[in-house]
Amino acid sequence: MKRKTRRHWLMKSEPDAFSIDDLERVGTEPWDGVRNYQARNFMRDGMQVGDRILFYHSNTKVPGIAGIATVASEAYPDETQFNAKSKYHDPKATREAPRWYLVDVAFERKLKRVIPLEEIKQHADQLGEEFALIRKGNRLSVFPVSAAQYDYLLSLE
DNA sequence: GCCAACGTTGGC
DNA sequence: GCCAACGTTGGC
């Protein structure tokens, strides 16, 4: 059954590998290569077409939120798991029992400026200490953001 | 480039 | 089922 309300998400990408500019260029991109069960479950079980995504640049000089994207497809099996030549190949995955799922992600817009992680941390009181992005040791690359957190983060733009 | 944090794997 | 070893993430 479909939910009526939209959820919000944050997805990390290393800009050297795939940046918000790359997404703008291609328009829509299958979000392949996620090999973490929790992140997979969010994509497979939580996302709906039209949900908004904060596009986060990780592992770069100024990590932070760089743009907005939307969920552009239902979840479907990540093709790279079946490809022996792919670095994302998973020998234990079969077409009958795929292990990894993804959604297509569509470009919406770049932020006027990147909102740096350093700055986001200064708003921990408003975002909540449990906010996954600023929780110590968090490495999850896909996770939900509440509507309030989403609005607050964009108010920093 | 370093390394803390954390998830996964596999031997037992 | 425990847990050491290993690999990866990602800030700094």
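Below, all heavy atoms of this structure are taken into account, side chains as well, without hydrogens, waters or symmetry copies. Reminder, nothing fancy here: chain letters follow the sequence lines and each chain counts from 1.
Taking the nucleotide of DNA chain B with the nearest heavy atom to each of A/G137 and A/K92, the more 5' of the two is matched to A/G137. Nucleotides of DNA chain B nearest to A/N59 and A/K136 differ in position, and the one nearer the 5' end is that of A/N59.
Here C/dT9 presents its C1' atom at 8 Å from NZ of A/K12, a figure rounded to the nearest Å. Spacing between atom CG of A/L140 and atom P of C/dG10 amounts to 9 Å, rounded to whole angstrom units. Spacing between atom CD1 of A/I65 and atom P of C/dG11 amounts to 12 Å, rounded to whole angstrom units. Rounded to whole Å, atom C1' of C/dT9 lies 11 Å from atom OH of A/Y56.
In this view, A/W100 and A/D90 satisfy the side-chain hydrogen bond (donor to acceptor under 3.5 Å, both in side chains) rule, not counting sequence neighbours. By the side-chain hydrogen bond (donor to acceptor under 3.5 Å, both in side chains) test, A/D151 is found to be paired with no residue, residues two or more places apart in sequence or in another chain being considered.
Separating the CD1 atom in A/I120 from the CD atom in A/Q149 is a distance of 11.0 Å, to the nearest 0.5 Å.
Here A/K121 lies in heavy-atom contact (under 4.0 Å) with sugar-phosphate atoms only.
In this structure, A/T80 and A/R35 approach most closely via the heavy-atom pair OG1-NH2, 3.0 Å.
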Short N/O separations, protein against nucleotides 1-8 of chain C, under 3.5 angstrom:
residue: C/dT8; atom: O2; partner: A/R139; partner atom: NH1; Å: 2.3

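Between A/F18 and A/F55, the two ring planes are tilted [angle within 30° to 60°]. Using cut-offs of 30° and 60° on the angle between ring planes, the pair A/F131 and A/F143 is perpendicular.
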